[in-house]
Amino acid sequence: METQGTYGPYVRNHNQLYADRQRSHFTPGMPGHGNSINFGAAALEGASLYPPPSCLTCPAHLTCPSCLVSCAHTTQNSSGVTCPYSAPATHQGSHPTPATSNTDCNHYSHYSPYNQSNHNNQSNHNNHNNQSNHNNQSNHNNHNNKSNHNNQSNQSNHNNHSRAAPAELCKSRPLDLVFIIDSSRSVRPAEFEKVKIFLSEMVDSLDIGSDATRVALVNYASTVNIEFPLKKYFSKAEVKQAFSRIDPLSTGTMTGLAIKTAMEQVFTENAGARPLKKNISKVAIIVTDGRPQDKVEEVAAAARAAGIEIYAVGVDRADMRSLKLMASQPLDDHVFYVETYGVIEKLTSKFRETLCDQGFIACGGEDGLLKVLKLETYTDDAKLKGLAAPSNLSMNQTLEGHSGAVQVVTWNEQYQKLTTSDQNGLIIVWMLYKGSWYEEMINNRNKSVVRSMSWNSDGLKICIVYEDGAVIVGSVDGNRIWGKELKGTQLAHVAWSPDSKILLFGMANGEIHIYDNQGNFIMKMTMSCLANVTGALSIAGIHWYIGTEGYLEPDCPCLAVCFTNGHCQVMRHESDDSMWHVASIQWNHCGSVLAIAGSLRNSGAEKDMNVVHFYTPFGEHLRTLKVPGKQMTAISWEGGGLRIGLAVDSYIYFANIRPDYKWGYCSNTVVYAYTRPDRLEYSVVFWDTKNNEKFVKYVKSLMSITTCGDFCILATKADDTHPQEDTDPEAGSATYVLVLCNSIGTPQDSKYIDIDPLFVTMTKTHVIAASKEAFYVWQYRVAKKLTALEINQVAKTRKEGRERVYHIDDSPSGTSDGTLNFAKAFTATRDPICCITASDKMIIVGRESGILQRYSLPNISLLQKYSLTSRPYQLSLNCNSSRLAIIDITGVLTFLDVEPRASSGDAEGGSTAGDPSKFERKDVWDMKWANDNPDLFSMMEKTRMYVFRNLDPEEPIQTSGFICHFEDLEIKSVLLDEIMRDPEVPNKDYLINFEIRSLRDSRALIEKVGIEDASQFIEDNPHPRLWRLLAEAALQKLDLKMAEQAFVRCRDYQGIEFVKRLSNLQSEAMKQAEVAAYFSRFEEAERMYLDMDRRDLAIGLRIKLGDWFRVLQLLKTGSGDSDDALLEQAYNAIGDYFADRQKWLNAVQYYLQGRNQERLAECYYMLEDYDGLERLANSLPENHKLLPDIGQMFATVGMCEQAVSAFLKCNQPKAAVDACVHLNQWNKAVELAKDHSMKEIGPLLSKYASHLLEKNKTLEAVELYRKAHHFLDAAKLMFKIAEEEAKKRTRPLRVKKLYVLAALLVENFHTQIKSSQQSKTKGKKSEATSALAGLLEEDESSSDSRILDDAWRGAEAYHFFLLAQRQLYEGKVESAMRTALHLRDYEDIIPAVEIYSLLAICSSANCAFGICSRAFIKLESLETLTPDQRQLYEDLALEIFTKHSPRDTLQSQRDSLTEG
């Protein structure tokens, strides 16, 4: 990051700073401490050549709820400052108080809210004996800051009217916002488009998201249409796209019905509205241009009673009385009127002012002085955005109510409230009403003084601590939740945890106690940073970052506690035992930077020096800012983190901050990363600025983004959950990974490394990553064309190995010194690496001592060392690697010639470069060399861009953009500050192109003086872009000789060919037409062709452009017969145009006229117009090449009959059968296979049968085989069914029928075999021979001879089984017994237990007890019976045979013998 101010960053060269550290002494009365940073239990020495000052006192009281900061003074003659909300918004129509600074040269400004004096028009300020003289003057008008005792905002006399600011992102309270839009007949289509633009601009100014503002739209006329509810879209892009799709309803004006619909159907939890307990404001904005045709008063009152805040916007003929009946109170803030829809967009700023009040600064001082300021930006210039735009104070209001010194000031961001307290204990809550702040609540305990107040993260609770130990927790509406007396303690500070479950109480003695949110003590916080510190201690501040903008990485430190002796402790949570030693207290908006304000006294100095130190969450020192004045009492970050406010004496200073964004630029793509509160990973956006497309990747623990050419490198910490395939097994588990991506974020290659890639650079062939001790060189591989030199480099590197690691203290000779051994990379060095850069020839490594080491590339060898007088921060080599640009840690830009420089030759006409040793620029934070000129570069100094040629500057350009690309005399710059306000929706307006002076001057000379004079100027200042500009101007004037010379000088072969072609043309008009076409003035060229009666050339031009609509018009309107083939081509091309955009219905119309049957079929298919597709298939001749495709289309949507018809029409019966099989139309498939005598009928039947059997449809499979005359297969399945049914003990009659059917199928099989043999041997052999052949064929075709030989056996068994039972029931016991005796031969079919049970019953009934006895003996011997069943049979037999002797009658014996 870079800090900028009137007095510049407080960082000099390392030698001076080291001397300052040696001479410094401690602030009187404050204990000293050593220069160390404590990480956990181990103490590590700070940067030896750039440590923080020895003593830093922080007397200011600093707290920071959410992303806003609030600070209040506690010492005499000091002040407090707090900056809430996110970014300045515009108050339309106000007259802002001008800033007393010049934005051209003064980059942190100071405002005096207390001095009642007139400011002159000059920006020469005398601040505490330090004078800053500026060349430019800012227009400041006299203004008087006397307080207005009616609590109204002080208005300033300003000559210029305020200008509308661009839409700024509103990050205040979330809303449930519903637009209710009138689209009745009176709203013309063009006017309705204006309404949609207004809605889109409103959305642009809001923070849209599921946890932020949700948007819904109700469209109404005589009917009401809910276009989309609150739960539908959660991004700006989706909402704006939905707006663009809305069509007007064009009927009556039922406004009351629309309000009722919104209340009952849109503002509901089912539709996406948040529940009442979340206290999310419900807002409805009604836009109408007429008088409602229904009653609105009652329904609007009901909506307001339901908690809906209604804004009414009237246009043109709108009824003002109806608007007032609908709107909420006060009407002045809720009713708006514009004359026409053409100016409705002007209301955007009004609503942004109403819904998104932000950018306020509250300042407390002595004698009850309390002021609220508002800093806003006003600009109409698209290029003047962010820090470069002029900013002014639009509010300077004195709030009256306190009588004593205001000691505590804190904001409630969610509910837009200001809470203040003075030395008498009086607490006042202020609210914003009609643009001014008024008292809402007052409380005075009258016992003690309030020492600190803190709102929790959702703004629902406030904790107030008193000096005497009293603690009060109250709600946002003023109710007391709980109170507690901490006896025997003096409280000084309080802070909520992000989840509102923990309260930290800072005591006057320096202790911090941890309580839960109900006031129960948990533990005392361990302060490791105070180890070995003695003497009195006091806390300077406690700040807990709540994660509003996400975190740098998971488990990132976010709790900072700082003491007035300069010690500070940063933790991950309240019980974190891995402590850090830094000096910091104020988080920025996203938790990436900590700022600490205090004072420092050096030896020999008469007074303390005010300084601000900036640190990362991990204790790394970033920058130090020196601030003028007697005493600095408070600091506060602006909501977006681009400015910091400093309370010094009676002034407020503003310092610009240039964040170190993770970003890069490659192949027309801006790559940038940001954090989101709902994700642990970084969101890395690849924004294609040419096509305005973006691709988002999520990367864990991203460290840096580096770009070159068409690729970028993402340096991250390795994820333990993924295998490291590319890691050397002997090197162990790597800690970091370098991912090579293309311009859309697709990974191309990656490498796992062990060293910490703190500094990364890349060329077209190599990636160099460096830690503080070593650097790693990787030759990456990509699928791209390389030059011969690059191929040679790649080949050499591959022979030696693609990866090398070198320690910074080694001196490689270019042979095989470097190896992939990370072990030596961890050897400590006394002079760490601080920056690197590389080109295709060399690597430059900068060290903290100021030493630069130059290495050759690709064979790494140490070539030379250079010594600087300061520590380098950023290095950059020009395009031919002859000169090195160095930006040091203080922001000073210098140059070093690393190779002897020859004259610039053709590029510069022999001119020599300036002396780099005498060049020096201060406050530089970015620079970029031109890719095509080694002496041309651009740099950013404060909020100005300078372009240098031969070290001579051009006039500066006011901008705050980051330089992306410099080539062809054009600079491409991106306004990253603006993009980061809403990173999910980058805007092409934030990408700005600047032309350098030589290009502008050349264009002006050509336009105003002439080609000849311009040619001489370009000759003196040669560049291919200028010669091309001259060539184009010569072509315009048809000066072909000059054009050809210029094309030759810029080496444009196509331009030379074009000039030669022009010279061959005889007609001047034809030449002019060709030139017009060359310069893309196609309408003019076409008109010229038509005037020359060359319609063919006009058509050819439009064909080359792909403008087939115009081709069609030309073909239709021309005289004579048009070319039918060309006409069809035009129709088809237009059809392709609509088809590519998925407008299939339009495409059909043109394909029909173009007779493009193939694309027509595709369109019918995409439209699901299957009738049209069928008509097309029927219209095609047989065997047409399109029929198979149409058949396949029908098959994919399940239309079997149509698919079969198409396949048969093109003589593809197999494809028809396959379609039937695919659609499970097996009957149709078998029928087709049979009709077309397909050999595949057998496998097909098997597939179908298997399909049926899988679904337990066995009988259907039997029927399939029977119809196909596969009787044997059908019989097998039928026997299987019968056996399964028998096992289930199904009714015997059913089983018998199944066996009969199976037997009949076998008989059919016999008949089929016999018939086939007779047909084969007819008239040749005897009948006996045929029968024998049939039997042999049966044996071959069946593996189960039992089925063929005894087909009726199963049927016989169940026939006897049923017959015996029927005879028994009819009383024919003797016949029944004889039948049952037959069943003994069928034990393989009928279970034996059933056979012998039936035989025992029948023989017993026939008094044949001998047979009955033998049956019982058989039953008792069956192994299938359980012991219980066997016992039952034994008992029954005993009962029978105790009464009857087991003997048969004579007849029974005879029958038994007969049957046996």
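R854 forms no cation-pi arrangement with Y866, by the criterion of a distance under 6.0 Å to the ring centre and an angle within 45° of the ring axis.
N987 places no side-chain N or O within 3.5 Å of a backbone atom of Y990 that could act as its donor or acceptor partner. Although no hydrogens or angles enter the test, the distance criterion places a donor-acceptor pair under 3.5 Å between the side chain of T707 and the main chain of Y665. For the pair N878 (side chain) and P934 (backbone), a donor-acceptor distance under 3.5 Å is present. The backbone N or O of T669 lies less than 3.5 Å from no partner atom in the side chain of S667, so there is not a single donor-acceptor pair. Side chain of S861 to backbone of P812: no donor-acceptor contact under 3.5 angstrom is found. Distance alone, capped at 3.5 Å, is enough to place a donor-acceptor pair between the K988 side chain and the T689 backbone. With hydrogens and angles disregarded, no donor-acceptor distance shorter than 3.5 Å links the side chain of N668 to the backbone of D688. Proximity of a side-chain donor or acceptor of D932 to a complementary backbone N or O of D968 within less than 3.5 Å is detected.
Checked against the 6.0 Å centroid criterion, the rings of F962 and Y661 qualify as a close aromatic pair. For F895 and W929, the distance between ring centers is under 6.0 angstrom. Annotation: F775 is in aromatic contact with Y855 [ring centroid separation under 6.0 Å].
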Worked check of salt bridge (Lys or Arg N to Asp or Glu O under 4.0 Å) between D809 and R847: CA-CA 11 Å; D809 292 332; R847 307 180 73 168; 2.7 Å; yes
Evaluate the criterion side-chain contact (heavy atoms from CB on, under 4.5 Å) for residue pair H965 and N931; output intermediate values, then yes/no. CA-CA 8 Å; H965 191 66; N931 291 344; 2.9 Å; yes
Take R1028 and H1023 through the test side-chain contact (heavy atoms from CB on, under 4.5 Å) and record every step on the way to the result. CA-CA 9 Å; R1028 188 160 57 251; H1023 192 279; over 6 Å; no
Given the rule in the side-chain contact (heavy atoms from CB on, under 4.5 Å) test, do L852 and L884 qualify, once you have shown the distances and angles that lead to the verdict? CA-CA 11 Å; L852 299 179; L884 176 70; 3.6 Å; yes
Report the C-alpha separation of F711 and M762 in whole Å, then their side-chain angles, then the decisive distance to 0.1 Å, and conclude whether the side-chain contact (heavy atoms from CB on, under 4.5 Å) test is met. CA-CA 9 Å; F711 301 93; M762 66 183 298; 4.3 Å; yes
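Looking at I963 and I971, their side chains come closer than 4.5 Å, going by heavy atoms from C-beta outward. Proximity of V777 to I860: side-chain heavy atoms (C-beta onward) are separated by under 4.5 Å at one or more points. Annotation: side chain of L738 is in contact with side chain of Y776 (closest heavy-atom distance under 4.5 Å). Put simply, the side chain of L877 reaches to within 4.5 Å of the side chain of I844, judged on heavy atoms. Side-chain atoms of V892 and V924, non-hydrogen and from C-beta on, never get closer than 4.5 Å to each other. V593 places none of its side-chain heavy atoms less than 4.5 Å from the side chain of T616. Here the side chains of Q853 and I808 are in contact, with some heavy-atom distance below 4.5 Å.
Ion pair E970/R1025 flagged as a salt bridge, since at least one NZ, NE, NH1 or NH2 atom sits closer than 4.0 Å to an Asp/Glu carboxylate oxygen. With salt bridges taken as basic N to acidic carboxylate O contacts below 4.0 Å, one links D923 and K942. The residues E941 and R921 are annotated as salt-bridged, a charged nitrogen and a carboxylate oxygen being separated by less than 4.0 angstrom. Ion pair R1049/E1019 flagged as a salt bridge, since at least one NZ, NE, NH1 or NH2 atom sits closer than 4.0 Å to an Asp/Glu carboxylate oxygen.
For D831 and T829, the side-chain atoms include no donor-acceptor pair closer than 3.5 Å.
Between I705 and G664, the shortest heavy-atom distance links the atoms CG2-N, 4.2 Å. Scanning all heavy atoms of the two residues, the minimum distance from S998 to F1017 falls at O-CE2, 4.0 Å. Summarising the geometry of P757 relative to A715, their closest heavy-atom pair is CG-CB, 4.1 Å, with the distance given to 0.1 Å. Scanning all heavy atoms of the two residues, the minimum distance from L862 to S811 falls at CD2-OG, 3.7 Å. The two residues N1021 and L1026 make their nearest non-hydrogen contact at O-CD1, 3.0 Å. Residues I833 and A774 come closest through the heavy atom pair CD1-O, 3.8 Å.
Other residues, nucleotides and ligands contribute only 12 or fewer heavy atoms inside 6.0 Å of the NZ atom of K690. Other residues, nucleotides and ligands place no more than 12 heavy atoms under 6.0 Å from the CD atom of Q1054.
Classified by interplanar angle (parallel below 30°, tilted 30° to 60°, perpendicular above 60°), the ring pair Y780/W778 is perpendicular.
Here the CD-CD1 distance, from E1032 to I1006, works out to 9.0 Å after rounding to the nearest 0.5 Å. Between atom CZ of residue R658 and atom OG of residue S960 there is a gap of 5.5 Å, rounded to the nearest 0.5 Å.
By the salt bridge (Lys or Arg N to Asp or Glu O under 4.0 Å) test, E995 pairs with R1003, sequence neighbours left out.
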